[in-house]
Amino acid sequence: MIVCVAVVGHQNNPLYLQSFTGSDDALKLHHIVHCSLDVIDERVNNPKRSASTLNETFLGLLYPTENYKVYGYLTNTKVKFIMVTTDLDVKDADVRSYFRKFHAAYVDAVCNPFHVPGKKITSNSFSERVGTIVRSFGPSMTL
Amino acid sequence: MEDYPEELRTPPVSLVCLTGCPELHHPISAFLHSEQPPINTLALPDFSKASVLARKKNRDPLSQPTPAPPSGILKRDWLLKHRTRVPAVVAALFRADQISGDPAQWLQACTDLENLKSLIHGRSTRLVVVLVQTQAAEELSEDVMTALRKRAEIDSKHLVEFVQNDASDLRQSLNKLASLFAELCLTYYKEEGRRIRSIIEKKSSPFPELNIRYCFKIAIYAEFRRDWSEALKFYEEAYRVLREMANTSTRLPPIQRLVEIKTIAEQIHFKISTLLLHGGKIMEAVARFLKHIKTYKRLVGLPEVDFLHWEWFSRQFLVFAELLETTAASAPSSQSPRFGTSESPFSEWEFQPAYYYQLAANYLREKRCCLEQSSVSKTDLPTKITEAPDSVMPSIHIGQSARLVEEGDIVTVLPLSDAEYVAYALAEAERFQDCYEIIALYKRAQESFSSHGSQRMACLCTLGMAREYYASDDFTNSKQLFDTVAAMYRREGWAPLLWEVLGYLRDCGKRLGLTNEYTAYSLEMAALPVFSTGFEETIDFGPAGPATLSREEIQREVLNFAVETDGDPEPVGLDVDLVSPLRSVLLVAVAFHEQSVKPDSVASLTVSLLSHLPLLFKVDLLEVEFNQPACNFSMSIPLEVSPNKWLRLTHEVKSGQSGKLECLTVKAKINNNLIICCRAESPALMEDLTSWKYENQRETYPTLDPALSLSGQKSIQVDEPNPLVDLTLNSIGPALVGEVFQIPVLVVSTGHVIHGGELKINLVDARGGGMLMSPRETDESDAHHVELLSISGLPEEKEDDLNTDLSEETKSDNIRKIQYSFGVVSVPVLKEGESWCCNLEIRWHRPKSVMVYVSLGYNPGDVDQRVNVHRSLQIEGKVPFFTNHRFMMPFRREPLLISNIRSLISPLEEKKVSLALKENNIVIVSAKNCTDVPLNLVSMKIVPEGGTDSNEKLFLVQEISGISNKCTRFVPGEEFRGVFSITPLVAKSSLSLGVVCVEWTRDSKNQDQPETVTTKHSLPQVCVEEPPLVAAIECPPFAIVGDPFSLYIKVKNNTNLLQEIKYSLGDSQNFIFCGAHVHTASILPGKEHVLSYKFVPFSAGVQQLPRITITSVRYSAQLTPSIAAGTIFVYPAEPKFSLEKNGSELVV
């Protein structure tokens, strides 16, 4: 189950952060997302990656906590997507597919003429769409 | 890791026992220890001490007919025993003379050997007999050797001779001994391992404890042999069996059982991790560790001792972190190109110790949490259980505890009940200060993360530390750490995280009694963009409380804070500068509507206030301060500042002082208890608020006019008052180079009284560059092309001599400084209508166009304010004359100059004018007036260089024609010629003829005594040489048709040699002549040869004489008179004019 999704802007500022637990660890999820930015920074700034992965937007598993797994994704406009899941056995393909959908939703949200680029995303329809994507995530997707 | 016994932490080292010959023990021990792999020695000085090797009575439990369950898994001292007391090899050292000599000694040796044999009986410990010989020659007989071998019951190769007589022998013997020991150790440990393995294989033990113990032992023996892979295999096996046992064993009470299992698991896992990490298999080690953690995480045990579990769990992380840190195995970078994907399931941090330190700290916090709960619930338990037993000590088995009961002299060790154990563990745990341990762990993690550039993780660790300090009531340290964390969250705009931290900070401020800080943190919290998502009630925000509800509460509390404590009359003052986080509480933008304003006229400005506080508040008093205190104003009408909305106030200020008027601060007084002093900001340069920058809200402008919001400035330029003074600069046409040119300056007051007036003069090259001198000539004194000489015509200077150098004159009351291009002169007090004038005297050294800038600065009245008037004038500097010169010889006189011939041959040589020695050389100097004004020429002279009074006169100068009367006036464009004759007296290859000085004045009628200016024109260097031959043609000035006249060609030989010349005369149809056409002649030294011809002209007019050519044979030089010299005017008849009157004009 996905417990938290986040969109992080250029200044590493949160643009959208939604947790789906409803319990008291929402702040902890904030911390997890914030700390994952360190790993993104390191992966993006380290040029040791091979040529085939240069244009890769999916950043992979960022931060293993014992209870969560954190995955990252970097768009071409250097906006970061972060996802925290409680499923400890996740397939890469599922995560990639999730991020693709999320990216599409994000693109639609920022294409809204009333959205100011660089500001927080407050669109309700975006939230609803993200909720749908999050609910559909899981092992059943691969079947 | 330091808590582990040393034998567990280090790899085991084989042990060899030496006995007998104590003097050899040290060299042998040292040698064995330095071997690779090293061998430890147990040195027994004599055979009587060998009893330490005796084994205690404990038989293999499985070999007994009815196997009893073991009381523990591993014995505490087993490993130590094998490292220090149970040798793999026992070496008995005998001296050769002991064996071969006295029979009593032999018997003793036999007894010692027997003893040793009995001690190691039943073990596979090897016996080695070493015969020590002092000399190689000291051979023992074969019989003795055999007897000894039989006694010892050993192979012949286990009987070693040790020769120690010299260094090389000793070294050889030591090497032999070491290799034998190494081999025997290997065999011993292999056999021991095999023996135990056979036990496992033979009978599957009903007790898993024994299986674990055996696996552990096999692994240790394998480690002795450095067979790491086997060791790893059996440790893994032991670990597996142990994990299975956790659910089945019933031997001990459940709590203690779990403690024992975890302790053993910890040790085995430590061994596995160490082996993997030292083998460089960091990936496997990490994977193994994660599995270990996963396996044991749920094995918490009973809730009353869950703190033991978390302590143990935290220790796992700590130990693994320390292992990672100490082993140099670096994180795999080449093996896995990308972390976090299916290729490599790990992320970067799992290879960093910091990650594990941080988790260790987290679990230690968990432990403390559980411990606190257990301590609380302990009081509910019956008292008999809560009493901890007095003397609890570790039992002989690892991970078990026992109670020591003393009854008289008898000490008995009794097992503990679980209740007793819990009480004991609680009592032990409460003695420790966990928070310092937690802080230390966070600190290590924080430092490590920082060094890897993971700022946010480091920040999280700092937050952990700060929370711990807060929990332990150390608010000073806590506040300091929270502040650094808050800075990070502020910078990146993570409002919910910042909210939590500020909540702690606010509480710290409150507890430390820092009113200002408490207020500041509270206000910052109230102005944070945290909004409801519906879950806030359940989130643990620490002391901050749920965000959405408390923002309003906090604001209310803070704004009414001081009113409640009315005993403290001092209002709280907060400074908000350009980087303060409190800008979101109150942001002040000040914009003047214009960029500049006249003095004493009104400038309007807009003061805009913005607050992000959630509730509307009232500002009782607003004070606006400027850099000119006269302009400060305040508004005491209550102003209501609404959330997120600019409050715009327009005000007018009037400044009487010129210069910059800048708004500095705006102070807002709220509720009489809070004064916020904001630095005023220009809307044009205003930075966004970091916390509200990303909020999706409507953008508003601080001023009504959006353009002013983009360009408005908090400062305005107040102009100077208009000058009421006339400053006039006059000039009369262009200046001429050399003269002192005067520019009159007139100052007339037309309204202002001039106080402290100061006139500044500046000369600047009109073509730019500002340089009035050429760069190459800067070091010369008169290098300035244009020079400000002085300022004349001042009223008090009238009587002074104008030529005195005024730049060096100093007056006590008047400022006067004159440099080459700059001058300052003070202007006296001038009342309205009064005037003052002066003349600027400027001299041009070169023709140049110059801008003269004159500025007058003064105080118009009593006000300390200066007014400046500027004027400028461009003045052209011109050369008065164009001067030229020409050298000539006298008419019809031609000296032969050798240098002229040379220059004909080689024309590339520098051409220098040659003058003939002691001949009259003519120089014609022409001067042309190239100005627009008529000039008076006073004189023209040739002045020798270096003055006329030189001792040796090099040449004579005679003015042949020049200025006839005192002053010759000549109009623009007119040319004047002066003719001079120069007679050099000395032959010299380079002679300076000096300069032509032309003295002139301006032809002006209004000046009585016009100043005479000298313009100089230098003559070139000439070459003076003695002509070897001088030819002169003597001819009458005119001829008359049909009238014969004589023509003489006189050639003078000036040399001491006989000169031969050839001469010829061409034919002419206008003349007939008598004399030789072509002839040669020889001229004696110093003599003159005269060629005489008689001519009769035929026709009148200007006639060309027949062409005369004279050739010097010696110099191969041909002399041909010029056409002018060969021309004569022939009158048709005798002219009728008076020769006396015009003779001077004819003879040139």
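As the structure is a prediction and not an experimental result, all values here were calculated from the model. The sequence lines fix the lettering, A, B, ..., with proteins before strands; numbering per chain opens at 1.
- The distance from atom NE2 of A:H30 to atom OH of B:Y489, rounded to the nearest 0.5 Å, is 10.5 Å.
- Taking CD of B:Q455 as the start and SG of A:C35 as the end, the distance is 11.5 Å to the nearest 0.5 Å.
- Chain A forms more heavy-atom pairs under 4.5 Å with one residue of B:L463, B:I293, B:L460 than with any other, namely B:L460.
- In this structure, CG in A:D38 is found 7.5 Å from CE in B:M457, a value given to the nearest 0.5 Å.
- With a 4.5 Å cut-off on non-hydrogen atoms, B:F449 does not touch chain A at all.
- Using a 4.5 Å cut-off between heavy atoms, B:L290 makes no contact with chain A at all.
- At a 4.5 Å heavy-atom cutoff, B:K294 makes no contact with chain A through either its backbone or its side chain.
- The environment of NZ in B:K291 is sparse: at most 12 heavy-atom neighbours from other residues, nucleotides or ligands sit within 6.0 Å.
- Pairing each heavy atom of B:E695 with each of A:K119, the nearest pair is O-CD, 3.1 Å.
- For a heavy-atom cut-off of 4.5 Å, chain B lies close to A:V8, A:Q11, A:N12, A:N13, A:P14 in residues 6-14 of chain A.
- B:R456 and A:H34 make their closest contact through CD-O, 3.0 Å (heavy atoms, listed as atom of the first residue, atom of the second, distance).
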